[in-house]
Each structure stands twice: as structure tokens, then as C-alpha cells.
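Notes follow the structure.
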Amino acid sequence: MNPATSPLIDRFGRRHNNLRISVTDRCNIRCVYCMPENPEFMARHQLLQFEEIERFVRIVVPMGIDKIRLTGGEPLVRRGLPDLVGRLAGIPGIRDIGLTTNGILLAPLARPLWDAGLRRINVSLDTLDPGRFLELTRRTGVDQVIEGIMAAKSAGFEPVKVNAVAIKGTSEPDIVPLARLARENGLELRFIEYMPLDGGTWERGKVLLAEEILEILTREFGALIPVADPDHRAPAADFDFADGGGRIGLIASVSRPFCMSCNRIRLTSDGRLRNCLFALDETDLRTLLRGGADDAEIARAVRDSVAAKWEGHEINSSRFIQPGRLMHSIGG
Ligand code: SAM
Ligand code: SF4
């Protein structure tokens with residue numbers, strides 16, 4: 001077995017082909033479930049440079065990584081992002097590059113990103129109501145997000161996916177309006193259960209469960225039809241509206257964890273490798289990348305991290321410990 005080219009399979013038989021790269025921990029809004037009002041951001045020299053990210057990806061592709069998602073913080077606040085997309089799209093073996101964004105800066109960037117080779121886009125939007133947008137993000141900008149979604153459609157992204165975090169006692173009035181927006185504009189809407197990555201305000205009682213969301217949708221639109229899953233490792237359970245008016249995804253990260261089909265590893269913007277969103281340990285790749293380590297040494301560090309991956313995140317057990325890093329600094 002050549003450690004630099006054999007697949008990244010962990011102790012539980014999970015094969016990892018999916019790398020999420022956070023390009024910054026900064027953001028132009030302040031979602032309450034993701035970061036505090038005044039977070040301490042990393043200094044710029046701590047962030048991996050595009051050359052370093054590209055080198056890392058070239059090292060992990062022979063180990064089976066073929067799918068990348070760029071995230072953050074807000075990835076579009078990182079200057080020159082289309083340049084990074086172009087570099088990654090040019091790496092033989094990468095077959096899929098996606099981006100998750102809050103959409104605020106998307107309108108002018110949708111076309112340059114498409115031209116650079118980006119083909120999948122997820123825009124996060126929890127509400128269409130400006131007052132609730134302000135409450136949830138502590139900033140304004142819902143119109144810019146909608147403009148960004150429409151610009152992404154015009155640029156060629158198909159489908160544009162919209163992600164909404166679902167919080168009990170907050171999100172209920174937003175579910176139907178978001179579903180209408182999706183139905184009217186051919187968007188794929190996915191609701192994500194609220195996860196404990198916010199530094200301690202999360203409580204189980206604040207999770208609006210996937211089944212409760214489904215109930216709200218069913219009351220308004222009639223029964224939804226479960227879609228047979230072509231990719232058993234995809235986290236969303238999909239449902240079609242019976243009238244053919246589109247598709248909704250439910251990501252039940254808390255109530256029905258999909259850890260046993262997890263195929264992801266994560267690179268933080270400061271070059272730490274995390275084998276789980278909820279990992280308590282990280283591997284410091286930046287020191288290796290900047291300290292003269294050769295490719296084999298970096299490949300070995302990745303392999304060791306995957307080998308140490310635990311079975312699941314344990315949110316539903318008393319053993320669960322919330323990681324010290326918040327969502328914006330991990331890269332969701
Ligand atoms: N800024 C970009 C955005 O908001 O799309 C990318 C980074 S953000 C951390 C990635 C995704 O994580 C977003 O869809 C966001 O709504 C989601 N997210 C953030 N905190 C979360 C939490 N505590 N539980 C569930 N999802 C969360
Ligand atoms: Fe920013 Fe995304 Fe976190 Fe909201 S969820 S604060 S947009 S990084």
C-alpha cells in the first residue's frame with residue numbers, strides 16, 4: 001500500500017472523498033447561531049495562501065479527494081476567490097467544486113466564479129423578512145442575498161441551492177415563505193437542524209426538527225413525496241412537492257445524524273485539518289506546509305487524522321462536548 005495514493009478509509013470503513021476548505025473566518029454578517037457580535041478574527045498571515053491550499057489539494061487528490069466545497073466564514077470576503085476556484089478546477093482529478101455563501105456579495109461575483117469553473121452554489125438564507133433577518137444576522141442585507149441568488153441563476157448555476165437553519169421558536173414563520181420563493185424560482189431549498197457550534201447558547205429544545213418542518217410544509221402544500229436517494233452519503237433527505245413544484249431537502253444533523261456515511265474532512269482557514277465538524281483535536285498542517293515538510297509527510301498527517309476519526313459526533317449523548325471553535329472558524 002502506498003500511503004500517498006491509497007484511499008482515505010477510516011476504522012469504520014468510511015471512504016473520504018470530500019474536502020471542505022474554509023478560506024476565511026471573517027464574515028460580513030453575524031448570524032447568532034454561528035458567531036458572537038465581536039469575534040476575534042485571525043490575523044491575515046495566519047490564513048493559508050492560495051498557493052498553500054492548492055498544494056494541499058494536489059497532495060490529497062491521489063488519496064481519493066475529488067470533491068471540494070469552499071466555505072468560511074464568508075468565502076466571498078476573501079479577495080480573489082475566483083482565482084482560487086480556477087486553480088482548484090485546474091487540478092486533474094477534481095470533479096466537483098462547490099461554494100457555500102451568505103449571498104451578500106454574490107451578485108457581482110456569480111459570473112466570475114462560474115467562469116473560473118465553479119459549478120455548485122449554496123446560498124444561506126433563513127428568512128425573507130427584513131426584521132427577522134436583522135434579528136438573526138445582526139445586519140441588513142436580505143435584498144442583496146436575493147439579488148445574489150438571481151445573479152447565480154443567470155450565470156448558469158443549476159440548481160441554486162438555498163440553505164436555511166431551522167431554530168424552534170424563530171424559524172416557523174419563515175418555512176412556508178422560503179418554500180414559496182424556492183417553488184417560484186426553481187431553487188432547491190434545504191433546511192438544516194440547528195447544531196451546537198455557537199459557543200454555548202444552543203439547547204436541544206431550540207432545534208426545530210426535520211419532522212416538524214415537514215409537518216409545517218405538509219399543512220401548507222399537501223403531502224410531500226420522499227425522493228429515492230441516489231447518493232446514500234448525501235446528508236439531505238429530499239422530498240418533492242406532489243404538484244411538481246420543486247424539491248425540498250431536510251438535513252437532520254441532530255435528530256438523525258448521518259455520521260456513518262460521512263465522507264468529509266475539513267481544512268480550516270488557518271490550515272488545521274479536522275476529521276469531524278465536532279472534532280476536539282486538529283492537525284496543524286500549516287506548520288508542515290510552511291516548515292518545509294515534503295508531500296509524503298503531509299499525506300501521512302492527513303492519513304493519521306482520518307485514522308483517528310471517531311464513530312460519530314455524540315450530540316445525542318451525555319458525552320458530547322461542544323468544540324472550542326465556533327462554526328465560522330471551522331467552516332460549515
Ligand atoms: N458564510 C457562509 C454561509 O453562511 O453560507 C458559509 C459558512 S456558514 C458557517 C456554512 C453553513 O453553516 C451556513 O449554511 C450556515 O447557515 C450554517 N450554520 C452556521 N451555524 C450553524 C449552526 N449552529 N447549526 C446549523 N447550521 C449552521
Ligand atoms: Fe457568516 Fe455564514 Fe456564519 Fe452567518 S453562518 S455568520 S453568514 S459565516
Side-chain angles (χ1 to χ4, degrees), residues 20-39 41-42 68-78 81 98-106 109 113 118 120-127 132-142 144-145 148-149 152 160-168 170-171 174 178 187-204 206-210 213 235-236 249-258 264 266-269 274 277-278 313 315 320 322-323 325-332:
R20 296 176 82 98
I21 302 174
S22 172
V23 295
T24 180
D25 64 336
R26 290 171 194 249
C27 189
N28 42 1
I29 58 178
R30 294 284 183 277
C31 301
V32 292
Y33 46 73
C34 177
M35 64 161 86
E37 172 66 57
N38 293 306
F41 291 125
M42 292 164 197
I68 289 176
R69 176 160 293 270
L70 300 175
T71 180
E74 172 47 38
L76 298 187
V77 305
R78 178 86 189 246
L81 196 71
L99 171 79
T100 300
T101 170
N102 64 29
I104 299 221
L105 299 174
L106 182 56
L109 280 166
L113 287 165
L118 188 75
R120 288 176 187 262
I121 202 154
N122 292 9
V123 181
S124 303
L125 176 63
D126 303 326
T127 179
R132 226 166 7 261
F133 189 90
L134 183 64
E135 222 175 274
L136 281 166
T137 69
R138 306 184 183 105
R139 298 289 186 276
T140 56
V142 65
Q144 283 148 274
V145 181
I149 291 172
V160 175
K161 293 192 179 175
V162 173
N163 291 349
V165 177
I167 304 175
K168 192 173 278 185
T170 301
S171 310
D174 296 312
L178 284 169
L187 311 170
E188 242 178 65
L189 174 64
R190 289 134 37 106
F191 292 100
I192 309 171
E193 287 179 348
Y194 173 30
M195 294 183 284
L197 286 163
D198 58 355
T201 59
W202 183 90
E203 287 166 26
R204 178 167 305 278
K206 289 190 190 164
V207 183
L208 185 61
L209 302 171
I213 299 167
L250 299 175
I251 304 184
S253 348
V254 178
S255 64
R256 259 179 289 121
F258 33 86
R264 298 174 178 186
R266 300 181 135 81
L267 182 65
T268 67
S269 53
R274 298 177 62 85
L277 194 48
F278 297 94
H313 59 45
I315 293 177
F320 179 71
Q322 204 177 125
R325 268 192 197 252
L326 308 189
M327 186 64 133
H328 74 97
S329 145
I330 295 172

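Numbers for residues simply follow the sequence, beginning at 1. These numbers come from the heavy atoms of this one structure, side chains and all, not from hydrogens, waters or symmetry mates. Whatever order the structure lists them in is the order used to number ligands and atoms, beginning at 1.
Between His313 and Pro196, the closest side-chain pair of non-hydrogen atoms is not below 4.5 Å. Looking only at side-chain heavy atoms (C-beta outward), Ile21 and Thr71 stay at 4.5 Å or farther from each other. Inter-residue side-chain proximity for Ile330 and Phe278 is flagged as unmet; no heavy-atom pair is nearer than 4.5 Å. Counting heavy atoms from C-beta on, the side chains of Val165 and Asn163 never come closer than 4.5 Å. Between Leu134 and Thr140 there is a side-chain heavy-atom pair separated by less than 4.5 Å.
Of the protein's heavy atoms, Met327 CG, 3.4 Å lies nearest to atom 9 (C) of ligand 1. Distance from atom 3 (Fe) of ligand 2 to its nearest protein heavy atom, with residue and atom name: Cys34 SG, 2.4 Å. Taking atom 21 (C) of ligand 1 as the reference point, the nearest protein heavy-atom neighbour is Tyr33 CD1, 3.6 Å. Shortest contact from atom 24 (N) of ligand 1 to any protein heavy atom: Met195 N, 2.8 Å. Looking only at heavy atoms of the protein, atom 6 (S) of ligand 2 is closest to Cys31 N, 3.2 Å. Scanning the protein heavy atoms around atom 26 (N) of ligand 1, the nearest turns out to be Val165 CG2, 3.5 Å.
Considering backbone and side-chain atoms together, Leu197 places no N or O closer than 3.5 Å to any N or O of ligand 1. The shortest N/O to N/O separation between Thr101 and ligand 1 falls below 3.5 Å. The shortest N or O to N or O distance between Thr71 and ligand 1 is not under 3.5 Å. Annotation: Ser124 places an N or O atom under 3.5 Å from an N or O atom of ligand 1; distance criterion only. Taking distance alone, with nitrogen or oxygen atoms compared against 3.5 Å, Glu74 approaches ligand 1 more closely than that limit.
Each of the following atoms of ligand 1 lies closer than 4.0 Å to a heavy atom of Glu193: 25 (C). Here is the list of ligand 2 atoms found below 4.0 Å of a heavy atom in Ile29: 6 (S), 7 (S).
When non-hydrogen atoms are compared, ligand 2 lies under 4.0 Å from the side chain of Cys27 (C-beta onward) but not from its backbone. Neither the backbone nor the side chain of Val123 comes within 4.0 Å of ligand 1, counting heavy atoms alone. Neither the backbone nor the side chain of His328 comes within contact range of ligand 1; no heavy atom lies under 4.0 Å.
Of the listed residues (Asn102, Thr101, Leu197), the one carrying the non-hydrogen atom nearest atom 7 (S) of ligand 2 is Asn102.
Residue Gly73 places a heavy atom less than 4.0 Å from ligand 1. Judged by the shortest distance from any of its heavy atoms, Gly72 lies inside the 4.0 Å radius around the atoms of ligand 1. Between Gly73 and ligand 2 there is a heavy-atom distance shorter than 4.0 Å.
Put simply, the residue from Thr101, Leu99, Leu187, Ile104 that forms a side-chain contact (heavy atoms from CB on, under 4.5 Å) with Val123 is Thr101. With His328 as the partner, the side-chain contact (heavy atoms from CB on, under 4.5 Å) test is satisfied by one option alone out of Pro39, Ser22, Ser269, Cys27: Pro39.
When all heavy atoms of Arg30 and Pro36 are compared, the closest pair comes out as CD-O, 3.4 Å.
The pair Arg139-Glu37 meets the salt-bridge criterion, with a side-chain N (NZ, NE, NH1 or NH2) lying under 4.0 Å from an Asp/Glu carboxylate O.
Atom CZ of Arg120 sits in a sparse spot, with 12 or fewer heavy atoms from other residues, nucleotides or ligands closer than 6.0 Å.
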query = side-chain hydrogen bond (donor to acceptor under 3.5 Å, both in side chains) between Thr100 and Arg69: does it pass, once the steps are laid out?
reply = CA-CA 7 Å; Thr100 300; Arg69 176 160 293 270; 3.1 Å; yes
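For the 3.5 Å distance criterion, the side chains of Thr127 and Asp174 qualify, holding a donor opposite an acceptor.
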